[in-house]
K.L.:
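Before I ask anything, here is the structure I am working with.
Just so it is clear, the model here is predicted, and its values are computed rather than measured. For the single chain, residues carry numbers from 1 onward in sequence order.
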Amino acid sequence: MGKEKEVKTIEERIERIYQMAKEHFGEVRFVGVKLHNKIGWVAKIQFDEFESLIAEGENATEALRNLRKRLKKIIDRYNMV
């Protein structure tokens, strides 16, 4: 028997991204994912004081994963300064 891989729900992914963004940037207006008819799946963080962060993917999970990676890169870059 192999080790079962835990599958995260879309809600858990959104909450995790929301917490990361809130810890490092303060107020977050919303984090969400939607299906755009021309682009495909789009995940977005909208801040009160900054521009939005957007990432795309072939499905909702991939879009959220790409958004989290993008947010993590920005946080890491910010912490280097």
K.L.:
Could you tell me the separation between the CD1 atom of Ile10 and the CG atom of Leu64, rounded to the nearest 0.5 Å?
P.N.:
6.5 Å
K.L.:
Rounded to the nearest 0.5 Å, how far apart are CZ of Arg16 and CD of Glu11?
P.N.:
15.5 Å
K.L.:
Starting at NZ of Lys72, measure out to CD1 of Ile74 and round the result to the nearest 0.5 Å.
P.N.:
12.5 Å
K.L.:
Please tell me whether Val33 and Leu35 are part of a single hydrophobic cluster in this structure, the criterion being side-chain heavy atoms less than 4.5 Å apart.
P.N.:
yes
K.L.:
If two hydrophobic side chains count as joined below 4.5 Å and joins carry through other members, does Leu71 share a cluster with Ile54?
P.N.:
no
K.L.:
Quick check: is Val42 connected to Ile14 through a chain of hydrophobic side chains (ILVMFWY, heavy atoms under 4.5 Å apart)?
P.N.:
no
K.L.:
May I have all residue pairs that pass ring-ring contact (aromatic ring centres under 6.0 Å, His included) and include part of residues 48-72, sequence neighbours excluded?
P.N.:
Phe25-Phe50, Phe47-Phe50
K.L.:
Ignoring hydrogens and geometry, is there a side-chain-to-backbone donor-acceptor pair from Glu62 to Asn59 under 3.5 Å?
P.N.:
no
K.L.:
How far does CZ of Arg77 sit from CE of Met80, to the nearest 0.5 angstrom?
P.N.:
7.5 Å
K.L.:
Between Phe30 and Gln46, what is the shortest heavy-atom contact and its length?
P.N.:
CE2-OE1, 2.7 Å
K.L.:
Using 0.5 Å steps for rounding, measure from the CD atom of Glu15 to the NZ atom of Lys22.
P.N.:
12.5 Å
K.L.:
Using every non-hydrogen atom in the two residues, find where Ala63 and Ala43 come nearest and quote the distance to one decimal.
P.N.:
O-CB, 3.5 Å
K.L.:
Provide the full list of salt bridge (Lys or Arg N to Asp or Glu O under 4.0 Å) pairs with a residue in residues 24-53, sequence neighbours left out, each pair given once.
P.N.:
Arg29-Asp48
K.L.:
Going from CZ on Arg13 to CG on Leu67, what distance comes out if it is rounded to the nearest 0.5 angstrom?
P.N.:
12.0 Å
K.L.:
Please name the pair of heavy atoms, one in Glu56 and one in Asn66, separated by the smallest distance, quoted to 0.1 Å.
P.N.:
O-ND2, 2.8 Å
